[in-house]
Amino acid sequence: MDNKAMFKIGYGLYVLTANEGEKDNGCIINTAIQVTSTPNRIAVTVNKQNKTHDMILATNTFNLSVLTTQAPFGIFKHFGFQTGKNVNKFEELEGYSRAENGVCYIAQYTNAYISGKVVQTIDLGTHTMFLADVTDAKVLSSVPTVTYDYYQQNIKPKPQPKEEVKVGYRCEICGYIYEGEQLPEDFVCPVCKHGASDFVKIS
């Protein structure tokens with residue numbers, strides 16, 4: 001067990017994964033802390049609406065992949081911050097490995113992974129906190145852990161500005177657009193040579 005892996009958690013975004021039968025599931029969480037060092041014990045908080053939550057309740061095991069600043073938006077979109085889907089989230093997904101406990105972890109975009117064995121569950125209303133003994137911990141890279149702020153500013157796509165609405169008239173014959181508040185009565189389309197009567201106002 002590499003204790004340095006513990007330094008990777010506490011302020012980042014993670015993929016929490018679980019396995020039940022033939023299905024591997026996972027979700028994005030932002031609450032993971034080291035509780036004690038003797039024994040190595042961590043706590044993760046998971047939304048009850050999540051299928052991963054149900055798998056952890058059933059098996060008492062999970063893996064925590066500590067995402068790095070190199071993780072693309074596709075990883076966050078794939079696992080989501082909440083999901084109720086009862087699917088195999090690792091089907092057709094590249095860049096993952098399976099730990100000794102049989103649970104998948106995201107290898108390609110993480111600097112560490114930590115395996116946990118649940119020793120206590122705490123009901124927090126909409127969420128459950130799982131206290132777990134660390135059974136395996138490995139550092140995979142020195143790339144910095146991605147924080148929520150970093151995710152918002154550098155990974156999450158920025159909303160696209162709305163296209164400026166043009167004021168004008170469109171020729172119903174050829175599609176030519178005349179930009180302006182008022183179409184002259186004697187205007188002739190420069191493309192198809194039809195008159196102003198064949199133009200409609202752009203709404």
Side-chain angles (χ1 to χ4, degrees), residues 1-68 71 75-91 93 95-140 145-151:
M1 184 181 300
D2 190 343
N3 285 325
K4 291 178 184 175
M6 296 296 108
F7 291 107
K8 304 289 186 181
I9 68 172
Y11 60 93
L13 292 175
Y14 320 95
V15 177
L16 181 72
T17 53
N19 170 272
E20 187 179 14
E22 296 181 356
K23 288 183 179 177
D24 290 282
N25 213 303
C27 63
I28 301 288
I29 64 169
N30 62 355
T31 307
I33 57 171
Q34 182 175 7
V35 180
T36 60
S37 57
T38 310
N40 265 334
R41 186 167 288 175
I42 62 174
V44 296
T45 305
V46 193
N47 192 301
K48 289 180 180 178
Q49 300 283 322
N50 215 295
K51 182 61 183 174
T52 309
H53 169 277
D54 299 341
M55 286 185 173
I56 295 172
L57 273 181
T59 63
N60 287 325
T61 56
F62 64 81
N63 282 338
L64 191 69
S65 300
V66 186
L67 292 171
T68 70
I75 288 292
F76 297 90
K77 185 178 179 183
H78 181 79
F79 287 99
F81 284 87
Q82 290 185 23
T83 176
K85 292 181 179 178
N86 183 15
V87 297
N88 185 348
K89 285 230 166 181
F90 287 84
E91 216 166 39
L93 184 72
Y96 72 90
S97 299
R98 198 173 291 278
E100 290 181 19
N101 64 358
V103 181
C104 290
Y105 65 93
I106 309 300
Q108 190 172 356
Y109 302 111
T110 63
N111 54 31
Y113 83 88
I114 300 164
S115 299
K117 181 73 174 172
V118 177
V119 294
Q120 185 180 357
T121 59
I122 301 170
D123 192 326
L124 301 177
T126 58
H127 291 64
T128 297
M129 178 181 284
F130 295 102
L131 291 174
D133 285 339
V134 175
T135 57
D136 189 16
K138 285 191 174 73
V139 173
L140 303 177
T145 300
V146 63
T147 63
Y148 189 71
D149 284 344
Y150 186 93
Y151 165 79

>> Parallel, tilted or perpendicular, judged at 30° and 60°: which one describes the rings of Tyr151 and Phe76?
In response: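 Tilted: the ring planes of Tyr151 and Phe76 meet at 30° to 60°.
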
Using the rule given for side chain to side chain contact (heavy atoms under 4.5 Å, CB included), can you reason through Ile29 versus Val44, listing the C-alpha separation, both sets of side-chain angles and the distance that settles it, and then say yes or no? CA-CA 8 Å; Ile29 64 169; Val44 296; 3.9 Å; yes

Locate the shortest heavy-atom distance separating [X] from [Y]; write the atom from each residue and the value.
| X | Y | answer |
| --- | --- | --- |
| Thr59 | Asn19 | CG2-O, 3.3 Å |
| Ala99 | Ser115 | CB-OG, 4.0 Å |
| Met129 | Thr45 | CE-OG1, 3.8 Å |
| Leu67 | Tyr14 | CD1-C, 4.2 Å |
| Ala43 | Val35 | CB-CG2, 3.7 Å |
| Thr110 | Thr68 | C-CG2, 3.4 Å |

Do any N or O atoms from the side chain of [X] and from the backbone of [Y] form a donor-acceptor pair under 3.5 angstrom?
| X | Y | result |
| --- | --- | --- |
| Thr17 | Cys104 | yes |
| Asn63 | Val103 | yes |
| Asn25 | Lys89 | no |

Among side-chain atoms of Asn50 and Thr52, is any donor-acceptor pair under 3.5 angstrom?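 Side-chain D/A pair, Asn50 to Thr52: present.
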
Q.
Working note: Phe62 + Phe130, criterion ring pair (Phe, Tyr, Trp, His ring centres under 6.0 Å); need CA distance, chi angles, decisive distance, verdict.
A. CA-CA 10 Å; Phe62 64 81; Phe130 295 102; 7.0 Å; no

How long is the straight-line distance from [atom2] of [Y] back to [atom1] of [X], given to the nearest 0.5 Å?
| X | Y | atom1 | atom2 | value |
| --- | --- | --- | --- | --- |
| Leu140 | Ser65 | CG | OG | 8.0 Å |
| His78 | Ile28 | NE2 | CD1 | 9.5 Å |
| His53 | Thr128 | NE2 | OG1 | 3.0 Å |
| Gln49 | Asp54 | CD | CG | 9.5 Å |
| Asp24 | Arg98 | CG | CZ | 4.0 Å |
| Thr36 | Ile33 | OG1 | CD1 | 10.5 Å |

With a 4.5 Å limit on heavy-atom distance, are the side chains of Thr121 and Ile56 in contact?
->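 Of all side-chain heavy-atom pairs linking Ile56 with Thr121, none is under 4.5 Å.
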
Salt bridge (charged side-chain N to carboxylate O under 4.0 Å, His left out) pairs touching residues 107-125, sequence neighbours excluded, are Lys48-Asp123

* Set of ring-ring contact (aromatic ring centres under 6.0 Å, His included) partners for Tyr96, sequence neighbours left out ->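 By the ring-ring contact (aromatic ring centres under 6.0 Å, His included) rule, Tyr96 matches Phe90.
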
